[in-house]
Asks: 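One structure coming up, written as structure tokens, with questions to follow.
In what follows, chains are A, B, ... by sequence order, proteins preceding strands, each numbered from 1.
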There are 2 protein chains.
Amino acid sequence: MPVTDRPYHHGNLRTALLAEAERTVRERGVQELSLRELARQVGVSHGAPRRHFPDRQALLDALAEAGFARLGAELRIAIDGAGEEFEARLHATAAAYVRFATRDAALLELMFASKHGKQSGALHEAADRAFSVMLELIEQGQAEGILDHGEPERVGLVLFATIQGIAALVSSGMVDAEQLDELVADATAHFVRGSHAAA
Amino acid sequence: MPVTDRPYHHGNLRTALLAEAERTVRERGVQELSLRELARQVGVSHGAPRRHFPDRQALLDALAEAGFARLGAELRIAIDGAGEEFEARLHATAAAYVRFATRDAALLELMFASKHGKQSGALHEAADRAFSVMLELIEQGQAEGILDHGEPERVGLVLFATIQGIAALVSSGMVDAEQLDELVADATAHFVRGSHAAA
DNA sequence: CACCATTGTTGCCATAGTCTACATTGTTGC
DNA sequence: GCAACAATGTAGACTATGGCAACAATGGTG
């Protein structure tokens, strides 16, 4: 037998594939992601990934799900490290989101792709968990009387849309990275002003 | 010679390819767009498109450029048909943008893709022309004292980000089409409130 | 220890994108 | 007119990919 240091069974191929795939997506985009090249990089044959991901889309779905988990974790860290004050928390959360979006633009695009047909159950749950951070934030703002009352989901959508839009503008190159912080500050301030219990 | 009703030269292959490509993108997404299938649908050999688009990305760039032109035209029509009042114009423009975004989600994604390396000159010009509608809108709002003064670009970015974010939310399926109108109305109202010359 | 599910491997096929050589048509200068 | 040349289309080759099926190795379980 050839002197392969690798055993027949990889041990945790699925995890290795996801890690390598995430790296490739970040560095070269989704289009460049190839199942076969992935297999080569990890050191298995081209058919091996099929045991863990029936087809390419299944891998992309798994990547998106993992992306939501990481996004949620980063948002949680940001909000927890921003003290108790609402506006500081709001700004920290928005900044963390945009940071994720610029660092992993291709991954975010994947997460928002509408291609997730079928068993998107797990994916939706992951997304909901990630966005629960924002919902709690909205509820805090309402409790403190800084934000208008109403369904948190409805208020949150406008906020979320704005942040997501900023991320899109930056990662598409329509806005320079230098204007980023300024834009985030503008948008959050704008949001608070527009939400302040009017009337 | 075989009885081909088509002459050797197509006449306007480039236009035909773009039209068919746009249809395919709308109906089946960017991933499904194949140069060879496109050639078959139009009735030319698989090598013919190469004369007009050096590679696949060139076709996508051209699609994006055409998309900006059409988006600009639709925004212009919307704003011109909304009377003179600022808020009506604002709402009409936002609605038109979101309508475009939902009808041609894949095309919009293409337009915002960061892949447009190199000669993106023509593309950027097309984008600027499309967004000039929004800039004029901002300027009107400022002239009428409804919006805060300041660089129109800066104010406009927040508005544009919000609208773009709404479009992303809807076309990703995170927001139902039914909530769409409500969300657009919320967002535009929110924007005006937040921009109203504070202090 | 025999049986079976899991996980990898290898080979095959259809299709895609890209490149090169060649064919046809349109145009332009003489 | 027409000869040279540019523009446009065709045909074939090459490589790579995704997906499938048959087979091999491993690990767990009765």
Asks: Could you tell me how far apart A/Arg40 (CZ) and D/dT15 (C1') are, to the nearest whole angstrom?
Replies: 11 Å
Asks: Starting from Watson-Crick (N1-N3 plus N6-O4 or O6-N4) and G-U wobble pairs under 3.5 Å, report the runs of at least three that DNA chain C belongs to.
Replies: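 The stems that DNA chain C takes part in, listed by first number, are C:1-30 with D:1-30.
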Asks: Once you round it to whole Å, what is the distance between P of C/dG17 and CG of B/Leu17?
Replies: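 Checked: the CG to P distance equals 12 Å.
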Asks: Check the phosphate of C/dT15 against B/Ser34, side-chain N and O only, distance under 4.0 Å to OP1 or OP2. Yes or no?
Replies: no
Asks: Going by atom types alone, do A/Glu74 and A/Tyr97 pair a side-chain donor with an acceptor below 3.5 Å?
Replies: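 The criterion, which ignores hydrogens and geometry beyond distance, is not satisfied for A/Tyr97 and A/Glu74.
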Asks: Would the base of D/dG9 count as contacting B/His46 through its side chain, where contact means a donor and an acceptor less than 3.5 Å apart?
Replies: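 Result: no qualifying N/O pair found.
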Asks: By the 4.0 Å heavy-atom rule, please label B/Leu59 as base, sugar-phosphate, or nothing.
Replies: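 Here B/Leu59 touches no strand at all.
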Asks: Taking for each residue the nucleotide of DNA chain D with the nearest heavy atom, is it A/Glu37 or A/Gly47 whose nucleotide lies nearer the 5' end?
Replies: A/Glu37
Asks: Does the pair B/Glu20/B/Arg40 count as a salt bridge with the N-to-O cut at 4.0 Å?
Replies: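 No, B/Glu20 and B/Arg40 are not salt-bridged.
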Asks: Among the candidates D/dG19, C/dT18, D/dG9, find the nucleotide nearest to the side-chain atoms of B/Asp55.
Replies: C/dT18
Asks: Mind calculating the distance between NE2 (B/His52) and C1' (D/dT8) to the nearest angstrom?
Replies: 6 Å
Asks: Contact class for A/Arg14 vs. all strands (heavy atom < 4.0 Å): base, sugar-phosphate, or nothing?
Replies: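 Touches nothing.
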Asks: Send over the distance from A/Arg56 CZ to D/dC20 P, rounded to a whole Å.
Replies: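 My rounded result for the distance is 15 Å.
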Asks: Starting at atom CZ of B/Phe53, determine the distance to atom P of C/dT18, rounded to an integer number of angstrom.
Replies: 13 Å
Asks: What is the separation between atom CZ on A/Arg50 and atom P on C/dT6, rounded to the nearest whole Å?
Replies: 16 Å
Asks: Is any NZ, NE, NH1 or NH2 atom of the basic residue among A/Glu136 and A/Arg89 found under 4.0 Å from an Asp or Glu carboxylate oxygen of the other?
Replies: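 No, this pair does not count.
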Asks: Quick one: the side chain of B/Arg36 and the base of C/dG17, do they pair up donor-acceptor inside 3.5 Å?
Replies: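 Answer yes: a donor N or O sits under 3.5 Å from an acceptor.
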Asks: State whether A/Glu37 and A/Arg28 are salt-bridged, where the test is any N-O pair (Lys NZ or Arg NE/NH1/NH2 against Asp/Glu carboxylate O) under 4.0 Å.
Replies: yes
Asks: Could you go step by step and tell me if B/Asp148 and B/Arg154 meet the salt bridge (Lys or Arg N to Asp or Glu O under 4.0 Å) rule?
Replies: CA-CA 11 Å; B/Asp148 225 358; B/Arg154 209 175 138 176; over 6 Å; no
Asks: Answer yes when B/Arg50 and B/Asp55 have at least one side-chain N-carboxylate O distance shorter than 4.0 Å, and no when they do not.
Replies: no
Asks: Considering residues at least two apart in sequence or located in another chain, which fulfil the side chain to side chain contact (heavy atoms under 4.5 Å, CB included) criterion with B/Ala96?
Replies: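 B/Ala96: side chain to side chain contact (heavy atoms under 4.5 Å, CB included) contacts with B/Leu75, B/Ala78, B/Arg99.
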Asks: Measure CD/B/Gln57 against C1'/C/dA16 and give the value in whole Å, please.
Replies: 16 Å
Asks: Between A/Val44 and B/Leu33, just flag the one whose closest nucleotide in DNA chain C comes earlier from the 5' side.
Replies: A/Val44
Asks: Phosphate oxygens OP1/OP2 of D/dG9: is one of them under 4.0 Å from a side-chain N or O of B/Arg51?
Replies: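 Negative; the distance criterion is not met.
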